[in-house]
Amino acid sequence: MSTTDPGIRNIVIAGGGTAGWMTAAAMARLLGTERYRITLIESSAIGTVGVGEATVPHLRFFNELLGIDEREFMRATSATFKLGIEFVDWGKIGDRYIHPFGVYGRPLYECGFLHSWLRGRALGDRSSLEDYAIGAVAARKGRFAYPALEESDLRSKYSYAFHIDANRYAAFLKDYSEARGVRHIDGRIEEVSCDSASGLIAALKLESGETVAGDFFIDCSGFRALLAEKTLGVEFEDWSRWLPCDRAVAIPSESVGEPPPFTRATASGAGWRWRIPLQHRTGNGHVYCSRYMDDTQACDELLAGLDGEPLAEPNFLRFRTGVRAQSWRKNCVAIGLSGGFLEPLESTSIYLIQVAIMHLIDLFPGERIAPAAVDEFNRLMRTEYERVRDFLILHYCASERDDTPFWNDCRNLSLPDSLQRKMDLFREQGQVEHYQKGMFLEPSWIAVYIGQNIVPQRWHPGADTPGAEALKRQLAALREEVAALAETLPAHASALQALDAAQGRPQAWPPAAMSLYGVFS
Amino acid sequence: MSASVTHVAIVGGGVTGWSAAAMLAGRLGEGVKFTLLDIPEKGGESPRCQASLPSIRGYNRLAGVDEVDLVTRGGAAYTLATAYRNWQGDGGDHFLPFAAHGFMLERRDFHGFAAQQRRRGDSTPYDHYSVAALAARQGRYRPPSPKPGSLFAGLDYGLQLDTAIYTGMLRARALAAGVEVVESALAGVERNALGEIEELCLTDRRAPLKADLYLDCSGRCARLIGEALAEPRIHAGDCMPADRCVSVTFTPDRPVPHSTLAALEQGWIYSVSAPTGTEATLYFCCELIADERALALLRQWSGGNEKEDGAFRAVSPGRRRRSWSGNCIALGEAAQSLDSFVTGPLHWAQESVVRLLQQFPASRDFSRSRDEFNRRAALEFEHRRDFARLHAWLGAGIDGQFWRRAAELPVSDALQHRLDLFRQRGIMPFYEGDPMPQALWISLLLGHNHWPQERDAIVAAMDPGWIAEQLERMRTLMARAVASMPGHDEYLRYLVQSKKQNTGT
Ligand SMILES: Cc1cc2nc3c(=O)[nH]c(=O)nc-3n(C[C@H](O)[C@H](O)[C@H](O)COP(=O)(O)OP(=O)(O)OC[C@H]3O[C@@H](n4cnc5c(N)ncnc54)[C@H](O)[C@@H]3O)c2cc1C
Ligand SMILES: Cc1cc2nc3c(=O)[nH]c(=O)nc-3n(C[C@H](O)[C@H](O)[C@H](O)COP(=O)(O)OP(=O)(O)OC[C@H]3O[C@@H](n4cnc5c(N)ncnc54)[C@H](O)[C@@H]3O)c2cc1C
């Protein structure tokens with residue numbers, strides 16, 4: 001290739017939902033619009049899915065990368081703080097546990113804290129594992145403060161994310177991107193033309209007759225997967241045998257009382273319902289499996305479970321869980337719903353968008369597309385999706401519920417080997433399969449295993465060191481320390497008010513990390 | 001519920017056996033009893049000197065071996081890097097530190113900036129961006145600084161150990177932790193109906209030794225996992241063309257703060273200097289040169305002041321299919337063997353001890369923990385083998401039959417992907433279970449001038465003047481910082497002096 005070759009300069013993003021605008025904003029910031037021409041095409045007539053309001057702490061890292069003021073972002077998106085997710089009726093009807101963005105206790109002996117807790121339990125201590133996670137305790141008490149920056153302080157052992165208004169977030173990023181030179185076109189894409197020799201995508205033809213040519217295309221067209229599937233024919237790998245929910249109905253409702261700093265996911269007879277508290281309203285939805293529940297029943301149950309009055313008509317959505325066999329093929333990368341969807345139980349979609357963007361920018365072609373870079377991107381995304389998939393399946397298969405055919409089938413799912421192995425290992429002696437990269441690491445697996453009553457028979461022998469009474473005393477002391485520290489945090493509502501008062505003042509929020517669990521983990 | 005694991009028998013009193021005994025007995029508390037079986041007069045086959053990665057410091061802390069004590073007894077010198085000599089056949093050298101080079105700029109890894117500068121015609125060697133590498137080259141050492149912003153904060157160091165002195169200290173820790181020693185040879189192994197070990201029969205008409213778990217630390221003869229349980233060995237001889245090696249020890253002028261990997265036409269030499277002496281080993285292929293010639297080459301390289309005659313050894317890389325089989329866990333050479341690059345075999349033995357500690361079974365129902373242990377061990381070995389194979393790839397430009405053979409060895413898919421992605425884009429893929437620090441792969445390639453062909457899109461979008469300035473500043477600051485460091489031998493003497501003063505002797 002000659003050195004005068006201009007290389008890849010003209011980037012076209014098809015779609016202006018959360019995925020499209022996150023991609024545009026990050027590229028404008030990190031690749032720059034002097035060097036690259038970045039165009040985003042969306043159709044306001046088609047619109048976006050408009051859901052996707054619960055996030056994970058990694059989003060803070062994304063914002064930080066873009067130099068976004070966190071308070072400004074919260075104001076623009078009517079955000080509240082999120083310390084974790086409360087799961088209701090999952091293991092059994094009547095069970096509740098919080099999967100916090102944080103870790104449990106601190107190691108007392110030669111092994112993780114879990115093992116001391118397990119031994120305490122065998123000795124008759126009835127405390128819940130949650131009592132040792134400050135993030136979970138604060139969430140239950142409706143309290144919030146930024147985590148401490150002193151590593152020895154237990155208040156540094158949690159992290160936080162946000163509940164956001166998805167449409168406002170896309171609008172916020174649209175402003176951000178346009179201010180940095182991203183060209184925006186509102187119009188329906190009618191046709192995609194490819195170079196006949198190379199098979200590369202060459203241009204998008206719009207309803208208006210305009211043709212937008214490009215060197216590199218990002219498919220952010222949502223479930224339609226206009227470029228990846230319709231044009232390039234990249235297969236979709238169906239995972240619905242493991243994650244069978246395929247419908248959702250969403251509806252906003254009036255806020256009632258102070259917004260709790262956590263998402264709630266309540267299991268239903270054939271799926272689960274979400275409740276996401278924003279500043280100005282509450283987002284609600286019911287995710288269900290059409291084989292076991294019809295739309296009317298799903299909607300009725302959703303309406304019956306609302307805390308406040310509905311604010312709009314119910315919005316019905318259909319989906320299929322699975323992943324694009326390759327998110328990157330030729331000169332096109334599928335990001336967002338076009339690349340795969342694993343259902344929203346653990347708020348993973350925006351995270352998956354974010355890591356796809358970050359990997360793409362790292363691997364972004366200079367002069368030409370390196371096959372090794374394409375392989376690497378696909379390999380990384382595949383691993384991310386598979387790890388999230390296994391973690392989501394765990395919520396369904398680790399249940400004792402036998403009240404509906406749906407749950408009976410979930411209990412008897414034939415699991416991916418990678419998950420079966422993890423569960424067997426945990427059951428044996430409380431060991432969580434080790435991996436370094438991935439969204440959910442040891443504390444999350446422990447949260448769901450224990451929260452859904454998978455309790456190992458044995459614990460690491462390192463936890464056998466202290467006498468029985470000494471261990472019980474240590475557990476009690478730690479529990480009290482956590483409870484007392486959680487008491488020192490302000491109420492969530494006052495933390496939100498304080499934000500307004502602090503607008504424009506210097507940064508007060510802690511630095512972000514690509515971790516679910518806090519600044520130090 | 002099945003029976004608890006309360007008694008562990010360790011076979012072998014080499015550095016692996018005592019590493020395991022000191023760590024496990026020291027950390028697991030009184031619930032588990034350890035008995036170590038050894039023939040004292042026989043002695044093992046360990047190299048005299050071994051270099052470790054920085055993680056050995058954590059191991060020593062956990063196992064209760066005091067580092068300053070170890071150093072002042074002559075049991076260890078420091079190492080900041082590995083000196084690579086002549087791997088491109090041109091007599092050139094470069095120093096490979098443990099930690100990444102340079103500093104991140106704008107949240108981007110440093111090496112992308114170095115590559116960009118290179119493309120613009122700046123030919124600064126990559127190791128000029130590492131305080132550790134510069135210090136190693138000049139024979140200097142100082143401990144890392146605890147201050148986060150300091151240039152010395154990232155000065156990661158490992159140890160060059162005298163195996164015998166270090167083993168002695170581990171032994172003392174193990175005995176203090178209550179490990180019982182049985183001085184007797186293994187005469188046979190009784191197996192139960194499941195094929196697992198029932199008990200160990202000893203010589204000298206001693207009563208058999210019965211335990212819940214057996215650790216095979218008997219070195220390459222693999223008395224338990226190999227001889228008794230016949231666990232198959234998977235050969236990995238296709239990562240380097242060497243099948244034999246010869247070692248000599250000699251006294252250098254002064255201990256240098258680095259190990260050395262020097263490529264010759266006929267193979268390569270790995271040398272490690274502990275305070276008590278330097279050991280150099282030449283790896284070669286016996287079809288290509290005779291033993292006498294190999295020894296002569298090694299003597300020529302070491303300057304001829306060696307203390308002992310050369311010791312020859314067969315080289316046969318490979319691993320047990322399962323290192324934990326039934327109720328027997330093989331550690332060290334009994335489990336796997338691979339030639340030393342950057343670090344000696346001890347490091348890998350200790351890594352597996354740590355893994356065993358983390359998942360030490362409370363009861364004999366441990367089949368899942370065993371599978372997980374084996375899964376990780378196998379994964380780790382694959383990447384180590386690739387790291388060795390990479391050296392064969394690096395040396396492919398050297399004249400001679402040895403390196404021509406090296407160039408023809410097969411390359412795994414994972415290694416091929418690493419090479420492709422790095423050479424095209426300057427990115428090193430991340431592999432789960434790879435035990436080599438990411439920085440080592442990158443530095444090894446850049447140190448040998450395998451610069452990426454394409455620019456990093458983000459770095460390319462930044463102001464070139466600013467980048468040049470930042471790099472210039474880094475180099476100046478680092479050079480100045482290194483000039484202020486004491487010599488390695490000076491620092492070792494200082495430690496000994498202050499210890500004498502403190503103990504009043
Ligand atoms: C029920 C449900 C709940 C969810 N909850 C969460 C959650 O809590 N947290 C979370 O992280 N994620 C959640 N998600 C996922 C999240 O909503 C999406 O990941 C996110 O909104 C990104 O969507 P998108 O941008 O890929 O697609 P969309 O929002 O569908 O955007 C597609 C874009 O493509 C454009 N387009 C399509 N066709 C054309 C055409 N022919 N011409 C021009 N433009 C076109 C559209 O106009 C639109 O702009 C949820 C998803 C569902 C279904
Ligand atoms: C110069 C040199 C370089 C080397 N380089 C490498 C390398 O690069 N990579 C590599 O993998 N290996 C290398 N080795 C091999 C090295 O032997 C091992 O890797 C490792 O250091 C061995 O330590 P160990 O404790 O496992 O075994 P050893 O030190 O061999 O100890 C085994 C112990 O078991 C005892 N024992 C044996 N049989 C019995 C029995 N029947 N009853 C009771 N006790 C018994 C012995 O007495 C001995 O104490 C090298 C060896 C040498 C000499």
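Just so it is clear: chains get the letters A, B, ... in the order the sequence lines come, proteins before strands, and each one is counted from 1. Quick caveat: nothing in here was measured; it's all calculated off a predicted structure.
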query = Relative to the ring of A/Phe426, is the ring of A/Tyr449 parallel (under 30°), tilted (30 to 60°) or perpendicular (over 60°)?
reply = parallel
query = At a heavy-atom separation under 4.5 Å, does B/Glu106 approach chain A through its side chain, its backbone, both, or neither?
reply = neither
request  = Answer yes or no for A/Arg180 and A/Tyr176: cation-pi contact, defined as NZ/CZ to six-membered ring centre under 6.0 Å and angle to ring axis within 45°.
outcome  = yes
key: Which of B/Gln416, B/Gln358, B/Arg108, B/Gln359 touches chain A most, by non-hydrogen pairs under 4.5 Å   = B/Gln359
ask   = Is chain A contacted by the side chain of B/Phe366, its backbone, both, or neither, given a heavy-atom distance below 4.5 Å?
value = both
query = Got a donor-acceptor contact below 3.5 angstrom from the B/Asp212 side chain to the B/Thr6 backbone?
reply = yes
request  = With a 4.5 angstrom heavy-atom cut-off, could you sort out which part of B/Ser4 is near chain A: side chain, backbone, both or neither?
outcome  = neither
message = Is any side-chain heavy atom of A/Val432 closer than 4.5 Å to one of A/Leu114?
response = no
task = Check whether A/Glu34 gets within reach of chain B through its side chain, its backbone, both or neither, counting any heavy atom under 4.5 Å.
result = neither
ask   = With a cut-off of under 6.0 Å to the ring centre and 45° to the axis, is B/Arg418 in cation-pi contact with B/Trp441?
value = yes
query = Does any heavy atom of chain A fall under 4.5 Å from the side chain of B/Glu30, the backbone, both, or neither of them?
reply = neither
A/Arg421 portion near chain B, given a 4.5 angstrom heavy-atom threshold = side chain
inquiry  = I need the B/Phe34 CZ to B/Leu24 CG distance, nearest 0.5 Å.
reply    = 4.5 Å
query = chain B heavy atoms under 4.5 Å from A/Gln436: which part of the residue, side chain, backbone, both or neither?
reply = both
note = Applying a strict 4.5 Å limit to non-hydrogen atoms, the region of B/Ile427 in contact with chain A is side chain
ask   = Think A/Arg379 forms a cation-pi with B/Tyr431, using NZ or CZ under 6.0 Å from the six-ring centre and within 45 degrees of its axis?
value = yes
note = Scored by heavy-atom pairs under 4.5 Å with chain A, the best of B/Glu432, B/Gln424, B/Arg107 is B/Glu432
request  = Identify whether NZ of Lys or CZ of Arg in A/Arg387 sits under 6.0 Å from the centre of the six-membered ring of A/Phe440 and within 45° of that ring's axis.
outcome  = no
query = Got A/Ile335 and A/Val333 here, is their nearest side-chain heavy-atom distance under 4.5 Å?
reply = yes
note = Of the listed B/Gln453, B/Met462, B/Arg376, the one with the largest count of heavy-atom pairs under 4.5 Å with chain A is B/Arg376
note = Honestly, the part of B/Glu454 sitting under 4.5 Å from a heavy atom of chain A is both
query = What residue, out of A/Asp362, A/Leu65, A/Asp375, A/Asp464, has the most heavy-atom pairs lying under 4.5 Å from chain B?
reply = A/Asp362
request  = Let me know if B/Arg27 has heavy atoms under 4.5 Å from chain A in its side chain, its backbone, both or neither.
outcome  = both
query = Which residues satisfy the side-chain hydrogen bond (donor to acceptor under 3.5 Å, both in side chains) test with A/Asn331, sequence neighbours excluded?
reply = none
message = Is the positively charged end of A/Arg106 above the ring of A/Phe113, judged by distance under 6.0 angstrom from the centroid and angle within 45° of the axis?
response = no
ask   = Between B/Gly29, B/Ala457, B/Ala362, which residue shows the highest count of heavy-atom pairs closer than 4.5 Å to chain A?
value = B/Ala362
key: CZ (A/Arg35) with more than 12 external heavy atoms under 6.0 Å   = yes
note = Honestly, the part of B/Arg423 sitting under 4.5 Å from a heavy atom of chain A is neither
task = Counting only heavy atoms closer than 4.5 Å, note whether A/Gln429 contacts chain B via side chain, backbone, both or neither.
result = side chain
request  = With a 4.5 angstrom heavy-atom cut-off, could you sort out which part of A/Asp424 is near chain B: side chain, backbone, both or neither?
outcome  = both
remark   = If you tally heavy-atom pairs under 4.5 Å between each of A/Leu380, A/Thr383, A/Leu363 and chain B, the highest tally belongs to A/Leu363
